[in-house]
> 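One structure, as structure tokens, below. Some questions next.
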Amino acid sequence: MVTTSAVGPEVFADILAQTREFIRKEVMPREQEIAETDSIPDDLRRKAAAMGLFGYAIPQEWGGLGLDLTQDVELAMEFGYTSLALRSMFGTNNGIAGQVLVGFGTDEQKARWLEDIASGAVVASFALTEPGAGSDPSGLRTRATRDGDDWVIDGEKRFITNAPLAGLFVVFARTRPADENGTGIAVFLVPADTPGIEVSPKDRKMGQEGAWTADIRFTDVRVRSSALVGGSEDVGYRAAMTSLARGRVHIAALAVGSAQRALDESVSYAATAAQGGTPIGDFQLVQAMIADIATGVMAGRAMVREVAARYVSGADRRIGPSAAKLYCTEMVGHAADLAVQIHGGTGYMRAVTVERIYRDVRLLRLYEGTSEIQRLIIGGGLVEAARRQVAGSR
């Protein structure tokens with residue numbers, strides 16, 4: 001399927017410019033406030049909603065801006081330039097949760113939820129990960145049992161982004177063991193105020209203060225049959241894999257943005273900080289570290305743009321997204337480490353930008369599929385494609 005954007009280049013250029021100005025002038029000066037309070041200020045949330053950022057990837061017919069993935073990644077590189085908690089606030093609406101509805105929901109389900117998701121009136125949360133099922137959803141243990149016209153959901157989810165804020169949970173559950181007819185994994189739209197849902201206190205994490213995650217327990221949670229996404233018990237696995245693949249390109253772009261910020265902070269510091277009366281930027285080993293960061297940023301940006309274009313055209317929606325996420329998230333980890341090294345002891349101090357980046361970006365190699373899972377997807381996919389080619393030539 002070829003997906004085209006409803007937003008032309010001139011309109012998008014304006015959206016991108018407004019987003020960049022918002023990030024640089026309004027969010028960056030408050031990064032320390034976000035970190036210290038572990039929350040996004042209400043006025044920034046309201047401004048983001050007014051700009052359409054809660055629904056930039058939702059189609060225009062449902063109240064969103066209708067950006068495609070090639071445009072999404074350009075915004076994501078801007079989001080990555082500041083505290084990643086800002087993007088997390090509306091990331092699930094545009095990404096892994098919202099895209100389940102966009103790609104697999106019935107017309108009635110879209111009409112019920114997408115406009116509120118796009119406006120930010122509802123925060124949608126993607127409830128897939130469990131204690132025994134993270135990057136591989138085939139290990140899912142949450143159960144959904146049919147009871148007349150209803151479904152009853154029981155199980156536990158872990159590390160669910162925006163769970164304490166959510167108005168809607170997009171919940172993946174097993175309706176039966178996998179068989180020849182399908183995976184038996186369904187996905188349900190469960191309002192957060194449904195009886196039987198218990199959201200634990202928000203997690204305390206290494207980084208990304210202000211981006212809230214929590215565990216969720218579902219105990220005899222009853223929903224109507226209309227809550228079953230797509231009206232099918234076997235949509236869940238495909239919906240998860242499709243949404244995650246798209247999300248991996250977005251995460252790769254975030255990593256590029258964070259690496260660019262680490263580079264800019266390092267160049268600025270090297271140009272002004274001195275040792276023995278000499279700016280450290282004059283030292284060749286410091287220049288070498290800066291060069292390594294810059295090279296990674298340039299390679300990552302080019303990769304993200306190409307992978308996004310191939311995703312939108314339908315040429316590659318599996319291996320490319322995994323390769324981009326693998327390379328860019330590993331790259332930004334190395335960039336952040338070098339940035340701290342360039343700053344020396346100063347880089348180890350709280351309230352220094354590169355120290356926050358160092359902690360924030362570590363998560364990028366874990367969620368929406370670990371680096372190890374991406375390697376399996378890439379390697380396994382290439383080998384399988386070669387086998388099919390050989391079999392087809394016989």
> Can you classify the ring geometry of H250 versus Y56 as parallel (below 30°), tilted (30 to 60°) or perpendicular (above 60°)?
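Parallel.
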> I'd like a table of donor-acceptor pairs (distance under 3.5 Å, sequence neighbours excluded) in which one partner is a side-chain atom from residues 103-114, with atom names and distances.
residue, atom, partner, partner atom, Å
T106, OG1, Q109, N, 3.1
T106, OG1, Q109, OE1, 3.4
Q109, OE1, T106, N, 2.9
Q109, OE1, G230, N, 3.3
Q109, NE2, S226, O, 2.9
Q109, NE2, L228, O, 2.8
K110, NZ, V102, O, 3.3

> Looking at D43 and R45, would you say the former's side chain and the latter's main chain have a donor-acceptor pair under 3.5 Å?
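No.
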> Is it the case that the side chains of T19 and E78 hold a donor-acceptor pair, with the cut-off being a distance below 3.5 Å and no angle test?
no
> Is the backbone N or O of V297 less than 3.5 Å from a side-chain atom of Q260, with the two atoms forming a donor-acceptor pair by type?
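The answer is no, because no donor-acceptor pair under 3.5 Å joins these two groups.
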> Under 3.5 Å, is there a donor-acceptor pair linking the side chains of Q341 and D337?
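No, because no side-chain N or O of Q341 sits under 3.5 Å from a partner of the opposite role on D337.
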> In terms of side-chain geometry, is the basic nitrogen of E156 or R141 positioned less than 4.0 Å from the acidic oxygen of its partner?
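Between R141 and E156 there is no salt bridge, as every charged N stays at least 4.0 Å from the carboxylate O atoms.
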> Do you know which two heavy atoms are closest between I117 and N93, and how far apart they sit?
O-ND2, 2.8 Å
> Would you say the side chains of S371 and E330 form a donor-acceptor pair under 3.5 Å?
yes
> Counting only N and O atoms by type, is there a donor-acceptor contact under 3.5 Å from the side chain of T82 to the main-chain atoms of F79?
no
> Hey, does the side chain of T183 reach the backbone of A178 with a donor-acceptor pair shorter than 3.5 angstrom?
no
> Would you call R356 and E209 a salt bridge, using N to O less than 4.0 angstrom?
no
> Before accepting this row, confirm whether a basic side-chain N of the pair R158/E130 lies closer than 4.0 Å to the acidic partner's carboxylate O.
no
> Run the salt-bridge test on K205 and D38 with the 4.0 Å N-O cut-off and return the result as yes or no.
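Answer for the salt bridge query: no.
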> Tell me whether the centres of the aromatic rings in Y367 and F126 are closer together than 6.0 Å.
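No, the ring of Y367 stays outside the 6.0 Å limit from the ring of F126, centre to centre.
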> Just jot down the side chain to side chain donor-acceptor pair (under 3.5 Å) partners of E33, sequence neighbours excluded, or say none.
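Side chain to side chain donor-acceptor pair (under 3.5 Å) check on E33 returns R30.
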